[in-house]
Number of protein chains: 2
Amino acid sequence: MKDGAEGAGRAAPAGRKDARRNKEALLDAAAAVFVTSGVDAPVRDIAARAGVGLGTIYRHFPTRADLIIAVYRHQVDACAEAGPALLEGSPSPAAALAQWIDLFVDFLVTKHGLAEVLRSDDAGFEVLHAYFLDRLVPVCTRLLDAAVGAGEVRSHLGAYELMRGVGNLCIGADSDPRYDARRLVAALVAGIRTSPS
Amino acid sequence: MKDGAEGAGRAAPAGRKDARRNKEALLDAAAAVFVTSGVDAPVRDIAARAGVGLGTIYRHFPTRADLIIAVYRHQVDACAEAGPALLEGSPSPAAALAQWIDLFVDFLVTKHGLAEVLRSDDAGFEVLHAYFLDRLVPVCTRLLDAAVGAGEVRSHLGAYELMRGVGNLCIGADSDPRYDARRLVAALVAGIRTSPS
DNA sequence: TGCTAAAGCGGAACACTGTTCCGTATCGTC
DNA sequence: GACGATACGGAACAGTGTTCCGCTTTAGCA
């Protein structure tokens, strides 16, 4: 709605050309640094890697959360869009829910420190928290409602709580071989089902 | 073994008197500050409240984790000791396990930010992590083994994983009325049982 | 092509952390 | 009372995020 169709590139080329180039470089650099040093890598590292100054990074992304969102937006969107597809493709809503949660867990676990920062109560991360929630809670709600409607899942928990719980269980999943977040999440999901699987 | 019996006080009064007084003041101040500002309150705040300098706090507690441990040691010990008692007092090992976990959750949830810091991978907190684990995992193992032995709980998860999962679920439990850690933990515990409760 | 206002850039500087270090003050003893 | 060991206080250092402003680059226009 906001970005009109453009003839040349793929996104609305507003502003100066060098500004766009820098923003692009920043996104690439951030993605690379996030992989090696985690999402909470020093801002200076990202700026250095992109070859820009600190002012530039803060102009394009007023807060670190904005940068994280920009880097992962595509993947979050993909996860959100997979929800309805899963629901249609599966005879059992509970199975669809479980598969979708697996998708979410895979996403979180492979992003060094994302779950931590998602859960951080530092000011400035509400926007990140809000983005994930806005995008994913509705999807989860739909899956959960379907499963509850089919009598496969108890209605104790809201979608928000479920997602928060799953997110929390993913914290520290990397960096500790003794801790397998997927197993814990599986147990949690089993715990909300009406019958033992 | 290390502290011999003493006639006067309750603990071994080693070192100077003023040093002991300061350590005491520091513990009191830390406990108070933890309540109001959370476990991750600035070190300076604690020192100021105790009326001592920064050097003093670092001499008595080389790292913040040591201070946290000192403040909560009694409660952690109480939790550890409650385990065997619960097991004996209950006909169902699974019920004992659930009760014990409730104890642990209550402890974590009422301590602003303890669960977060327990999970932090910042260097210097391994000692805190280790203390909790050393003290509580054996207790949890015993309860879990009993429950598995009674056929009430599946043996998917180790005690370590279970405790980590429970700890993670407690993160951010205060400061968000929409999130009820106890409910999530209950679901997790339900998920490891052999039959739906 | 050359000029100019706007847009953008870089990084010094600030605020706030944890942590170290050492000159000074205090304690307990002789 | 003097003295050595012990402990104290807080300045100073290091590593964060974030702001700010003088300078540079861009892009439109004559």
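Reminder, nothing fancy here: chain letters follow the sequence lines and each chain counts from 1.
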Worksheet entry | Nucleotide of dA12(C), dT19(C), dG8(C) approaching Leu54(A) most closely (side-chain heavy atoms) | dA12(C)
Discussion item. For Asp106(A) and Arg182(A): C-alpha separation, side-chain torsions, deciding distance, then whether salt bridge (Lys or Arg N to Asp or Glu O under 4.0 Å) applies.
Written reply: CA-CA 8 Å; Asp106(A) 279 337; Arg182(A) 289 184 184 77; 2.7 Å; yes
Discussion item. Check this one for me: any side-chain N or O of Asn22(B) less than 4.0 Å away from OP1 or OP2 of dA7(D)?
Written reply: no
Fill in: Residue whose nearest DNA chain C nucleotide is more 5′ - Lys17(B) or Thr63(B)
Thr63(B)
Discussion item. Nearest 0.5 Å, please: how far is CG in Leu162(B) from CG in Leu184(A)?
Written reply: 7.5 Å
Worksheet item: Atom CZ of Arg21(A) to atom C1' of dT25(D): distance rounded to whole Å?
Response: 10 Å
Item to complete: Starting from C1' on dT20(C), measure out to CZ on Phe61(B) and report it in whole angstrom.
Response: 18 Å
Worksheet item: Within this structure, what is the CZ-to-C1' distance between Phe125(B) and dT17(C), rounded to whole angstrom?
Response: 12 Å
Discussion item. Rounded to whole Å, please give me the gap between CD1 in Ile57(A) and P in dG8(C).
Written reply: 17 Å
Worksheet item: Is there a donor-acceptor contact under 3.5 Å linking the side chains of Ser90(B) and Gln99(B)?
Response: no
Worksheet item: Looking only at N and O atoms, is any donor in the side chain of Arg64(B) or the base of dG18(C) less than 3.5 Å from an acceptor on the other one?
Response: no
Item to complete: Report the distance from atom CZ of Arg20(B) to atom C1' of dG28(C), rounded to the nearest whole Å.
Response: 12 Å
Practice prompt. Scan Ala41(A) against the nucleic acid and name what it touches under 4.0 Å (heavy atoms): base, sugar-phosphate only, or nothing.
Written response: sugar-phosphate
Worksheet item: Mind checking what makes side-chain hydrogen bond (donor to acceptor under 3.5 Å, both in side chains) contact with Asp40(A), not counting sequence neighbours?
Response: none
Worksheet item: Of Asp18(B) and Arg44(A), whose closest DNA chain C nucleotide lies nearer the 5' terminus?
Response: Arg44(A)
Worksheet item: Does His60(A) make a side-chain N or O approach to OP1 or OP2 of dG8(C) shorter than 4.0 Å?
Response: no
Worksheet item: Do Asp176(B) and Tyr160(A) have side-chain atoms, one donor and one acceptor, less than 3.5 Å apart?
Response: yes
Worksheet entry | Thr56(B) side-chain N/O to dA7(D) phosphate OP1/OP2 under 4.0 Å | no
Worksheet entry | Under 4.0 angstrom between Arg59(A) side-chain N/O and dC9(C) OP1 or OP2 | yes
